[in-house]
Chemist: 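Sharing a structure, written as structure tokens. Questions coming.
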Amino acid sequence: MSWSLGAALMTALRKPARLHLVLVSAHLIHVQLLTEQDESAVSVNAPCRGDVSLCDWLVGALRAMAAAVEESAPKRLKQDSCGGAGGDDGDGETNGGPAVLSPVSGFKTERVLRDSARDKTLFVHGKMDEQEAVIILEKTPIRQDTLEEMLKTSTVKLEMKNDIYSTYQLQAPPHLNEIKTTVICPATEKHVKKYLHQETFLIEESGDDYSAITLPYISSQSFSVQWVYNILEKKAEADRIVFEDPDPNVGFVLLPDFKWNQKQLDDLYLIAIVHRRGIKSLRDLTSDDLPLLRNIQKKGLEATQKRYSIPPSKLRVYLHYQPSYYHLHVHITSLDYEAPGCGVERAHLLSDVIQNLQADSRYYRSRTITFPLRADDALLLKFREAGKL
């Protein structure tokens, strides 16, 4: 493995214990649980030498984390069936507070689904309390506002020096070098396949293909968007909403995508989710939807600039086709960030969509749209069966 996840996955577990997962160098992973009362420690070291051992050290690290927490950390919060925390621990902090019992402490790794050296991400499939789960580990970017502190407080180990050139292994303090961790539990087979590395094919879908192949497939599947409705109805993630236009016809909510940890603007990623139900994707849009699209373009960009001081000229605003879920939403990302799915084979700029619908009300009902499908996607099989691939 040519890259390192960095020098920290630190999870504050609540007093009196805390858990450190620290990559000491590109060849060693160190897991340690410290108790603040007696300062005792449970540690494990595991080698990391190459792509195959990536899975090995991850399995060992997560198992050591689970064992350490089980033996040394009091479970002061009630856990749900997937290892989440609930209730009040007596300190006045409840669900959603800054410190909760580690949801990965009981995670049992089965396999690494995919890893990306470029994006510094790792997708892991396993189980939590006997339920299928997927964990996504993502090395967070180095932040400019903490750069000086990191350079002053980090420890370094010289690797090579030659004339004016030298390289070091720098180990930053855990709070300055985090790993963003996303937990999906219970995870469905669709979630597992989504993150599994697969061969990809480009599909050319005509308007007739959509009506005869894609739409029947979508209708036959149980693609739940209940989590979207929970956001729109303020049953979940209400505190994450950046802006809302409550109008039932042209309104939307704007909130950070889970890909963004909100600690730096270089990889800003927001999602605008429309209030109106029944619009599944780009294919459903007509000129009747122009007021909705223009409203998202105008107010979404204004809200982003007001909140984050980023002008519209530095933002990429687009829709996916095929989308990852069938409820109309618009992506707003930093122009400097090569976000997943922002390539020409999947992303459609909102400004282009608006112009196309102005010129032809049924533009997206009739035109041929090209998009990628992975080898394990059931929709790809439908196109194969129809002789379209």
Side-chain angles (χ1 to χ4, degrees), residues 203-215 218-219 223 225 228-229 231-234 241-257 268-308 310-335 339 341-372:
I203 299 296
E204 293 185 358
E205 177 195 77
S206 68
D208 290 339
D209 291 336
Y210 175 75
S211 298
I213 303 172
T214 306
L215 184 57
I218 295 172
S219 301
F223 296 122
V225 290
V228 174
Y229 299 155
I231 292 174
L232 296 176
E233 297 168 6
K234 311 297 191 305
I241 294 177
V242 172
F243 171 82
E244 179 180 16
D245 180 340
D247 188 284
N249 294 315
V250 300
F252 63 97
V253 298
L254 184 68
L255 74 164
D257 188 276
L268 176 140
Y269 201 138
L270 302 173
I271 296 290
I273 303 176
V274 305
H275 275 296
R276 197 197 318 168
R277 304 185 184 186
I279 308 178
K280 292 182 289 296
S281 72
L282 198 64
R283 283 290 192 188
D284 289 337
L285 295 173
T286 68
S287 60
D288 292 338
D289 302 304
L290 284 171
L292 168 64
L293 301 178
R294 291 182 182 128
N295 192 49
I296 294 174
Q297 184 181 51
K298 180 177 184 296
K299 293 184 179 179
L301 290 175
E302 288 176 351
T304 303
Q305 182 169 15
K306 181 178 180 180
R307 179 69 174 266
Y308 303 106
I310 300 179
S313 60
K314 298 291 291 181
L315 295 170
R316 182 189 296 112
V317 187
Y318 56 97
L319 296 85
H320 278 155
Y321 191 80
Q322 291 279 332
S324 55
Y325 53 96
Y326 293 99
H327 179 100
L328 190 69
H329 56 284
V330 176
H331 304 254
I332 301 178
T333 66
S334 169
L335 191 60
C342 72
V344 295
E345 71 276 12
R346 191 178 178 198
H348 299 256
L349 291 175
L350 179 59
S351 57
D352 288 346
V353 173
I354 291 174
Q355 291 186 46
N356 290 335
L357 291 175
Q358 286 174 334
D360 181 357
S361 176
R362 296 180 56 82
Y363 182 87
Y364 291 103
R365 300 288 180 94
S366 59
R367 71 155 291 184
T368 295
I369 301 179
T370 302
F371 58 87

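Keep in mind that the numbers below use all heavy atoms, side chains included, and drop hydrogens, waters and symmetry copies.
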Chemist: If every non-hydrogen atom of Pro372 is compared with every non-hydrogen atom of Glu345, which pair is closest and at what distance?
Modeler: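 For Pro372 versus Glu345, the nearest heavy atoms are CD-O, 3.2 Å.
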Chemist: Between the main-chain N or O of Ser206 and the side-chain N or O of Asp209, is there a donor-acceptor pair closer than 3.5 Å?
Modeler: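 Indeed, once roles are kept as given, a pair shorter than 3.5 Å links the two residues.
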Chemist: Look up atom OG1 in Thr286 and atom OH in Tyr363, then write down how far apart they are to the nearest 0.5 Å.
Modeler: 15.0 Å
Chemist: Under the ring-ring contact (aromatic ring centres under 6.0 Å, His included) test against His320, which residue among His331, His348, His329 passes?
Modeler: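 Only one option passes, and that is His331.
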Chemist: Nearest 0.5 Å, what's the CG-SG distance between Leu335 and Cys342?
Modeler: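 The CG atom of Leu335 sits 9.5 Å away from the SG atom of Cys342.
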Chemist: Which residues pass the ring pair (Phe, Tyr, Trp, His ring centres under 6.0 Å) test with Tyr308, sequence neighbours left out?
Modeler: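 Applying ring pair (Phe, Tyr, Trp, His ring centres under 6.0 Å) to Tyr308 gives Trp260.
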Chemist: According to the salt bridge (Lys or Arg N to Asp or Glu O under 4.0 Å) rule, which pairs have a member within residues 310-320, sequence neighbours left out?
Modeler: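 Only Lys314-Asp336 qualify under salt bridge (Lys or Arg N to Asp or Glu O under 4.0 Å).
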Chemist: Does His327 reach the main-chain N or O of His275 with its side chain, forming a donor-acceptor pair under 3.5 Å?
Modeler: no
Chemist: Are any non-hydrogen side-chain atoms of Pro312 and Gln305 less than 4.5 angstrom apart?
Modeler: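 When only atoms from C-beta onward are counted, Gln305 and Pro312 do touch, with a gap below 4.5 Å.
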Chemist: Salt bridge or not between Glu302 and Lys298? Use side-chain N to carboxylate O under 4.0 Å.
Modeler: yes
Chemist: Between Thr304 and Leu301, does a side chain to side chain contact (heavy atoms under 4.5 Å, CB included) hold up when you go through it step by step?
Modeler: CA-CA 5 Å; Thr304 303; Leu301 290 175; 5.5 Å; no
Chemist: Please examine the side chains of Ile273 and Tyr325, heavy atoms only from C-beta on, and report whether any two atoms are closer than 4.5 Å.
Modeler: yes
Chemist: Before you tell me yes or no, could you show the steps for Val317 and Ile296 under side chain to side chain contact (heavy atoms under 4.5 Å, CB included), namely the whole-Å CA-CA distance, both residues' side-chain angles and the distance that decides it to 0.1 Å?
Modeler: CA-CA 10 Å; Val317 187; Ile296 294 174; 5.5 Å; no
Chemist: If you round to the nearest 0.5 Å, how far is CG of Asp289 from CD1 of Ile279?
Modeler: 4.5 Å
Chemist: Mind checking the CD1-OH spacing from Ile332 to Tyr318? Nearest 0.5 Å is all I need.
Modeler: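 It is 10.0 Å, given to the nearest 0.5 Å.
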Chemist: Do the side chain of Arg365 and the main chain of Arg283 share a donor and acceptor less than 3.5 angstrom apart?
Modeler: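 Flag set: sc Arg365 to bb Arg283 pair under 3.5 Å.
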Chemist: Before you tell me yes or no, could you show the steps for Leu328 and Leu319 under side chain to side chain contact (heavy atoms under 4.5 Å, CB included), namely the whole-Å CA-CA distance, both residues' side-chain angles and the distance that decides it to 0.1 Å?
Modeler: CA-CA 8 Å; Leu328 190 69; Leu319 296 85; 3.6 Å; yes
Chemist: Apply side chain to side chain contact (heavy atoms under 4.5 Å, CB included) to the pair Glu205 and Tyr321, showing each step before the final yes or no.
Modeler: CA-CA 11 Å; Glu205 177 195 77; Tyr321 191 80; 2.6 Å; yes
Chemist: Below 3.5 Å, can you tabulate the donor-acceptor pairs from side chains in residues 349-360 to any protein atom, sequence neighbours excluded?
Modeler:
unit_1	atom_1	unit_2	atom_2	d
Asn356	ND2	Asp352	O	3.1
Asn356	ND2	Tyr364	OH	2.9
Asp360	OD1	Arg362	N	3.1

Chemist: Of the non-hydrogen atoms in Leu254 and Gly300, which two are nearest, and what is the gap between them?
Modeler: CD2-O, 4.0 Å
Chemist: Look at the side chain of Arg276 and the backbone N and O of Val250, then say whether any donor-acceptor pair between them is shorter than 3.5 Å.
Modeler: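 Answer holds: no.
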Chemist: Atom OH in Tyr210, atom OG1 in Thr368: separation rounded to 0.5 Å?
Modeler: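 If I round to the nearest 0.5 Å, the distance is 14.5 Å.
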Chemist: I need the Asp257 CG to Leu270 CG distance, nearest 0.5 Å.
Modeler: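 The distance works out to 8.5 Å.
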Chemist: Indicate yes or no: at least one non-hydrogen side-chain atom of Lys280 is less than 4.5 angstrom from one of Ser219.
Modeler: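 Lys280 does not reach Ser219 side chain to side chain.
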